[in-house]
Amino acid sequence: MKRFVSLSLALAMLLSLITFGLAGCGGAAGTAGSTQATEAQKSGFSFNTGDPDTLSVIQNFDPEVFQPGNNDEQGYNRIARQIYETLFMMTPEGEVTPWLATGYTWETPTRMVITLRDDVKFSDGSGFTAEDVAWTINYAKEITLPVAHYNVITDAEIVDTYTVALNLKEPCMTMAAHLCNSQCTIGYKKAFEEGKGDWLGASVVGTGPYKLVKYTPGDMVKLTANEYYWRQGEPKVKNIDMRIIKSNESAATEAKTLNYDIVIGANTREFDAIDAIDGVHMDKHQSANTVYLLLNTAKAPMDNVKVREAFARAVNIPATVKLAYGNFGQPASALISPNILGRNEATYQKYYGAGHDVETAKKLLTEAGFPNGVDLEITVESTDTQRCDMAEALQAQVAAAGIKLKVNKMESAPMREYLARGNHQICIYGFTSLTMEADGFLAQLQPGSSALARIGYDNKNFFKRYSEGAATEDITARGKVWEECCEMLMQDYTMIPLWHKALGAAVRDNVKGFYWASDYEQVYYQFISK
Amino acid sequence: MLRYIIKRLIYMVVTLLATVVFLFTLMEFVPGDPALVVLGEGATDENIVAIHKELKLDDPYIVRLSRYVGNLVQGDMGNSYKTRQPIAPALFARLPLTMTIAVWGIIFGTIIGLVAGVVSAVKQYSLFDRVLTAISLFGASAPSFWLAMLFVLIFTLKLGWLPATGSYTFKHWILPIATIGLQASASITRMTRSSMLEVIRQDYVRTARAKGQTQFRVVVSHGLRNAFIPILTVIGTNINGYLGGTVLVESVFAIPGLGNYVLDGVKTMDTPVVLNGVVFICFMCTIVTFLVDMAYAFIDPRIKSTYGFGTKKFKRARLAKAIEGGTAG
């Protein structure tokens, strides 16, 4: 009896010691700082919402590493962009404005010369020069970082201390807009070399408004103001505590508890419930992203344009969008989102304006050789509940026209690969006009890009006109070319726009200056005050 | 006893090696090009070729397996495809959180389960027994994520007593541990009850009662101790399950544990993360199984005596049995 009791107690104590021992030694990476538990104890479980010097934020992405251009996800760059900055930046109105650069000129159609600011310092007090810009771009290309914006660049060349030249494979007049993207942030060569590429510690030095204090994998990122920041009076709030919560349900719960100043990633279905709570509101903004039904023109029977048109007639877009997103965002009214160069509502009306028409869909299917209907498959990301809802709604709608639609739900990464291999017939996918011009998404539908397989499009004239558009310096003329390219995609029924995406964040009422940058769904915390 | 330990350790190493080879081979069949994982949306044909070369993806299977096992033995788990950072530090950073939930959940569940199971068995068919049986059935059948969300709804949003997410203070740990504990207690209660019901009908328990021993001593010393082997098995199985399977609870409470890390690897098709995460969880499970095996030997003297290092009393008993059977001990 005694031995049994003492053995049980000893086992329990051993296990407790192991877990607490482990909890004491593990769990934290990154640079020095006080322990997480101590900080949390100081503030209870509300994350300093009352502290005017600290912004408490929930993010839905775990960066895992802080390297410029390491990841093409918006969520990653929403964090990294606070530490590193870009050469140009998109204004809230969608205009390109110099940021670390002062301007640029085209020496030839394939050589862009960029002049840099001479008053910018990294967070260790060292000066920012052309060497850092050239190194960042060349290194990203050397180790094949996933920065699609650099695909057109051959190399970056130092002209003098504050001038850098980009040599391009082909003309790209929207290059400055591409360089606004947070994937194109600039790193610090010396910190990389001295830190031996430690992208969780010594190499994480940027020119951005904040510097990294501490990173706890999967849990928290702590940032503090860069005292050498080149823009006077910024950042307005000294510290940022970012909690990482990936579950959109849990993020919505935290938004309701009012324990955080800003919550990004709450479930869209909870937006109205959050909005109804005193002290917090949903900050909504139009995105440059549109969600589409992509029709794979290379896969039978979708290789028949009449089948594609029949599908377009069989779907009821407003009803589908209403079901999935309620009043958030808007049903598509053109191929690309509002405020994007190349958008033309008239051409959309021409091809999709007739809307839901079951009889025409049936007639078109008969003409295509499917009088008894056709079996099709739609691929959708399983973790995106709204898109899954849309797929199921579409399934019911097209059945009336004799289309038996099978819903194929896949995880994000396997789905990307499935689409890249062109194995699908139809899928729901979004494209973002990253440059606030149609080329931001048209570029992804060019030969050599894995995204082209999503529509399997092979229209030589489309590719030719795109290249001509990219080489056109005059913005008005370029806009016309983009409209033409968009019309080709609609005319051939390669993609059916469903929903112009909106962005939403739960923001406490005392937080001022929050806004979403449409181009890449970014948030610039340096402008925010409490 | 030493022979027993060595034998178990050999089993452990062989199991682990077989698991590593099996998992590596299994990952070979996962469809998908890692280059697309690395390059994301903007992958070009040219970049895909470069990544294949960098990651040596075109080497034969046997070369890659040998390289992986060789590196693993030296503690090198390789790099994540997605972040290009070493996997080992990321795994170890997440281990304490999963261990805390799993171990404390099990301790909590075991205490409740043992008490409830014993009382249920002793008071068989009483109202108490029926209520406890119903509760344990509920605990066993309710999904952990549902329990977790129910707790958040009640204790965070309605009552405001406890935080919804995180793992910073004692208060943060209450709901995740209670969720795991309640689930674990259900199976422990049921096993304790059935095991105790068998034992308390044995002659030696009746004899103990006849000798005038107290109810507590009869139940704990003669009953529970003899009923403990199957309960220990359930506890061990639960710990193993929770080491890799607290992912739903981790997700609801936003605790960045091992399960979440591996799940993210699955979602992004980051096969090195998945492979190493699962291998690591298997390693932890074999250690737990080894410890449970050791505990068997301490609790059940028959196991200890089988390996020749038993107490004098049992050695004598074994010798007597051998003489009785006509063979030399």
Side-chain angles (χ1 to χ4, degrees), chain A residues 1 4-5 7 11-12 15-16 18-20 22-23 25-29 36-37 39-41 44-45 62 64-65 70-73 143-144 146-149 151 199-200 216-219 243-247 249-250 253-254 256-257 259 383 411-414 416-417 420 444 448-451, chain B residues 31-33 36-47 50-51 54 80 82-85 89-90 92-97 99-100 103-104 107 149 152 156-157 163-169 171-172 217 220-221 225 228 251-254 256 260-261 264 266-270 295 298-299:
Chain A
M1 161 88 176
F4 174 69
V5 173
L7 176 72
L11 196 68
L15 288 170
S16 320
I18 291 169
T19 48
F20 275 116
L22 282 168
C25 10
Q36 202 178 67
E39 281 168 20
Q41 277 155 3
F45 51 84
D62 177 15
E64 294 189 66
V65 66
N70 181 285
N71 198 312
D72 63 349
E73 298 276 355
I143 65 163
T144 338
V147 188
H149 306 276
N151 286 348
W199 294 114
L200 285 168
T216 309
D219 187 51
R243 276 282 315 280
I244 300 157
I245 297 184
K246 291 180 190 172
S247 155
E249 291 294 348
S250 301
T253 303
E254 287 293 13
K256 290 175 191 169
T257 63
N259 285 335
T383 50
E411 286 284 350
S412 165
R416 277 192 195 188
E417 165 119 24
Q444 297 174 55
S449 165
S450 61
Chain B
D33 186 349
L36 287 172
V37 176
V38 177
L39 295 168
E41 298 273 312
T44 61
D45 299 340
E46 187 189 342
N47 290 348
I51 290 292
E54 185 193 320
S80 149
K82 196 73 192 164
T83 65
R84 305 186 189 202
Q85 293 294 304
F92 285 112
R94 285 158 171 87
L95 176 66
L97 299 170
M99 285 286 283
T100 307
V103 172
W104 281 103
I107 290 174
M149 288 168 87
V152 169
T156 305
L157 293 178
T165 63
S167 53
Y168 311 111
T169 62
K171 276 186 170 178
H172 286 92
R217 195 170 169 82
V220 176
S221 183
R225 188 176 170 187
F228 206 68
S251 182
V252 172
F253 295 109
N260 257 337
Y261 184 60
D264 284 346
V266 172
K267 282 182 183 167
T268 55
M269 273 177 70
D270 199 340
F298 277 103
I299 291 168

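Computed from heavy atoms alone, side chains included, the values below leave out hydrogens, waters and symmetry copies. If you're wondering where the values come from, they're calculated on a predicted model, not measured in any experiment. Below, chains carry the letters A, B, ... as their sequence lines are ordered, and counting in each starts from 1.
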How close do [X] and [Y] get, counting heavy atoms only, and between which atoms?
{"X": "Ile143(A)", "Y": "Glu54(B)", "answer": "O-OE1, 3.7 Å"}
{"X": "Pro217(A)", "Y": "Ala93(B)", "answer": "CG-CB, 3.9 Å"}
{"X": "Asp219(A)", "Y": "Ala254(B)", "answer": "OD1-O, 4.2 Å"}
{"X": "Thr83(B)", "Y": "Asn70(A)", "answer": "O-ND2, 3.2 Å"}
{"X": "Leu39(B)", "Y": "Pro146(A)", "answer": "O-CB, 3.2 Å"}

Atom CD in Glu254(A), atom OG1 in Thr165(B): separation rounded to 0.5 Å?
->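 Between atom CD of Glu254(A) and atom OG1 of Thr165(B) there are 3.5 Å.
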By side chain to side chain contact (heavy atoms under 4.5 Å, CB included), which residues pair with Glu249(A), not counting sequence neighbours?
->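 Counting only residues at least two positions away or on another chain, Glu249(A) forms a side chain to side chain contact (heavy atoms under 4.5 Å, CB included) with Ser247(A), Asn267(A), Glu270(A).
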Sequence-distant partners of Asp62(A), salt bridge (charged side-chain N to carboxylate O under 4.0 Å, His left out), two or more places apart |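 Salt bridge (charged side-chain N to carboxylate O under 4.0 Å, His left out) check on Asp62(A) returns Arg94(B).
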Would you say the side-chain atoms of Gln85(B) pair up with the backbone N or O of Glu64(A), donor to acceptor, closer than 3.5 Å?
->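 Not at all, since once roles are kept as given, no pair shorter than 3.5 Å links the two residues.
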Would you find a donor on one side and an acceptor on the other, under 3.5 Å apart, between the side chain of Ser250(A) and the backbone of Phe253(B)?
->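 No, because the side chain of Ser250(A) does not come within donor-acceptor range (under 3.5 Å) of the backbone of Phe253(B).
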Which answer fits Thr156(B), side chain, backbone, both or neither, if we ask what part of it has an atom under 4.5 Å from a heavy atom of chain A?
->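 Interface part for Thr156(B): side chain.
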Of the backbone (N, CA, C, O) and the side chain (C-beta and beyond), which part of Asp264(B) lies under 4.5 Å from a heavy atom of chain A, both, or neither?
->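 Interface part for Asp264(B): side chain.
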With respect to chain B, which residue among His149(A), Glu73(A), Glu417(A) yields the maximal number of heavy-atom pairs within a distance under 4.5 Å?
->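 Going by pairs under 4.5 Å, I would pick Glu417(A).
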Heavy-atom pairs under 4.5 Å with chain B are the metric here; pick the option from Ile245(A), Thr383(A), Thr257(A), Val147(A) that has the most.
->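 So the answer, after comparing Ile245(A), Thr383(A), Thr257(A), Val147(A), is Ile245(A).
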Carefully, step by step, assess Asn47(B) and Asn151(A) under the rule side chain to side chain contact (heavy atoms under 4.5 Å, CB included).
-> CA-CA 9 Å; Asn47(B) 290 348; Asn151(A) 286 348; 3.5 Å; yes
Taking the side chain as C-beta and beyond, is there a heavy-atom pair between Ser412(A) and Lys267(B) under 4.5 Å?
->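 Answer no - side chains too far apart.
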Under 4.5 Å from a heavy atom of chain B, the part of Asn71(A) involved |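 The side chain, not the backbone.
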